[in-house]
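Residue numbers begin at 1 in each chain, while the letters A, B, ... track the order of the sequences.
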There are 2 protein chains.
Amino acid sequence: MEQIESKQDTKKLILDAAEQVFAREGFHNASLRTITGEAGVNLAAVNYHFGSKTALLEAVFDRHLIPLNRLRKERLEYVREVAREEGHSPRVDDILRAVIEPTLTFREAGPGAEAFITLVGRALSEPSETAQQIFMHHMQPLFVLAHEMLKEALPNLPASDLFWRLQFAIGTMSHTMRMYGKFLPVPEGVAPDADTESLIEMMIRFLTAGMEAA
Amino acid sequence: MEQIESKQDTKKLILDAAEQVFAREGFHNASLRTITGEAGVNLAAVNYHFGSKTALLEAVFDRHLIPLNRLRKERLEYVREVAREEGHSPRVDDILRAVIEPTLTFREAGPGAEAFITLVGRALSEPSETAQQIFMHHMQPLFVLAHEMLKEALPNLPASDLFWRLQFAIGTMSHTMRMYGKFLPVPEGVAPDADTESLIEMMIRFLTAGMEAA
DNA sequence: GTCTATAGATTGATAGAC
DNA sequence: GTCTATCAATCTATAGAC
């Protein structure tokens, strides 16, 4: 029992530290010594519990991205279902909200969740192909579903425009997830630190207008 | 004369290769061995001609980002000047076009320019603080100018909204610059490879609608 | 200016004692 | 499961011959 608890503790300590360090420094830049140092565990523990640095990144993604994507998928399918029952196409802002709201709300669960969202925001610009593949393996079904639903919502938009507008929205979301909470004092007295709820509404308003543009 | 030409050739070969490798693999992930290997020059040549890996990145940015930013600044100031002469605020789409058009048009100058634009798109998500600082040193004046002009164009928009909408637009641009030309075959037969001119118009339409949203 | 050779540091991974 | 010690590979940077 103590052994099992100890094992779980060490694994969790490593996952928590890896989340922070991968988010802060990127996959290749993050060293196992930094991670185990911040976790307060021995260097060899990573390879004992996870097997390799790549497998550790995989475990970090698995822990939170699987439930987060399940939630986002359920919310998308709920939007689709309600629209079908009411006999109309899904609304663009409902689709966007189904993706954005769980994402930025999840971030508020604590410092680990905040690091995780930063990590996800960084994932698409990771130079490591391995990291890219691990991430896209999780994300592709969600992208496909969102793409399909936006096609229903915007039936008159040419396929190429739809594809690119979805990319534009992904770029906005990634950047925001990476930058939110990281702005240093800004010279002109602007107020970048909106609360999460306001930020969600600002993003949905911005992206809905962009998606629905003539 | 031959010595000078040879020196310039080696420097240029290194700059060209570094541009490609930094864009492809990120700053920390890119090794001087890969760069000098692709350049076909000796490993020690980097430190002879540039001093350090950091100084090499600085030189890569300097070579194209200084003229590109001068052009974008001139185009922004021209928009501002014309609007003042005509007695109205600058238009949002003109501001966006002044930034986007030179950027994506520059990319068409050749494979080096294409890599450079990818590198710039990647810069904001570089984990290396050094790389960030080098990049922001070039970009901050342009961001400030664009921010000021958007404030003139959207005088009724609260400061916090304006700040975040500018961030959303920066996210869209960075992502597009990184991804453009890099899409593998997509399952559903969408047509992601729009020509540059169409892409510019799509971005301006999308971002203008987002910036001007209620 | 260009090269070889190498210093000196850091990395991911593992063997083997406990 | 956890630890020390270490291997083998990689990295940036430089010294010194040519």
| query | Between A:Thr10 and D:dT2, is there a side-chain N or O to OP1/OP2 distance below 4.0 Å? | reply | yes
| task | Measure up the B:His147 and B:Phe163 rings against each other and bin them: parallel (under 30°), tilted (30 to 60°), perpendicular (over 60°). | result | perpendicular
| query | Separation of B:Leu57 atom CG from D:dA13 atom P, in whole Å? | reply | 12 Å
Taking N or O atoms only and anything under 3.5 Å, show me the protein contacts with nucleotides 10-17 of chain C, one pair per line.
residue: C:dT11; atom: OP1; partner: A:Ser31; partner atom: OG; Å: 3.4
residue: C:dG12; atom: OP1; partner: A:Ala30; partner atom: O; Å: 3.3
residue: C:dG12; atom: OP1; partner: A:Leu32; partner atom: N; Å: 3.4
residue: C:dG12; atom: OP1; partner: A:Lys53; partner atom: NZ; Å: 3.0
residue: C:dG12; atom: OP2; partner: A:Leu32; partner atom: N; Å: 2.9
residue: C:dG12; atom: N7; partner: A:Arg33; partner atom: NH1; Å: 3.1
residue: C:dG12; atom: O6; partner: A:Arg33; partner atom: NH2; Å: 3.2
residue: C:dA13; atom: OP2; partner: A:Lys53; partner atom: N; Å: 2.9

| query | Rounded to whole angstrom units, what separation is found between the CZ atom of B:Phe50 and the C1' atom of C:dG1? | reply | 14 Å
| said: For A:Phe27, give me all partners under ring-ring contact (aromatic ring centres under 6.0 Å, His included), at least two apart in sequence or on another chain. | reply: A:Phe22
| remark: Hits for ring-ring contact (aromatic ring centres under 6.0 Å, His included) against B:His64, two or more places apart or cross-chain, chain-then-number order -> B:Phe106, B:Phe116
| query | Taking NZ, NE, NH1 and NH2 as the nitrogens, is one of them in A:Arg97 or A:Asp93 under 4.0 Å from a carboxylate oxygen of the other? | reply | no
| task | Could you verify whether a donor N or O on one side chain and an acceptor N or O on the other, from A:Tyr180 and A:Thr118, lie under 3.5 Å apart? | result | no
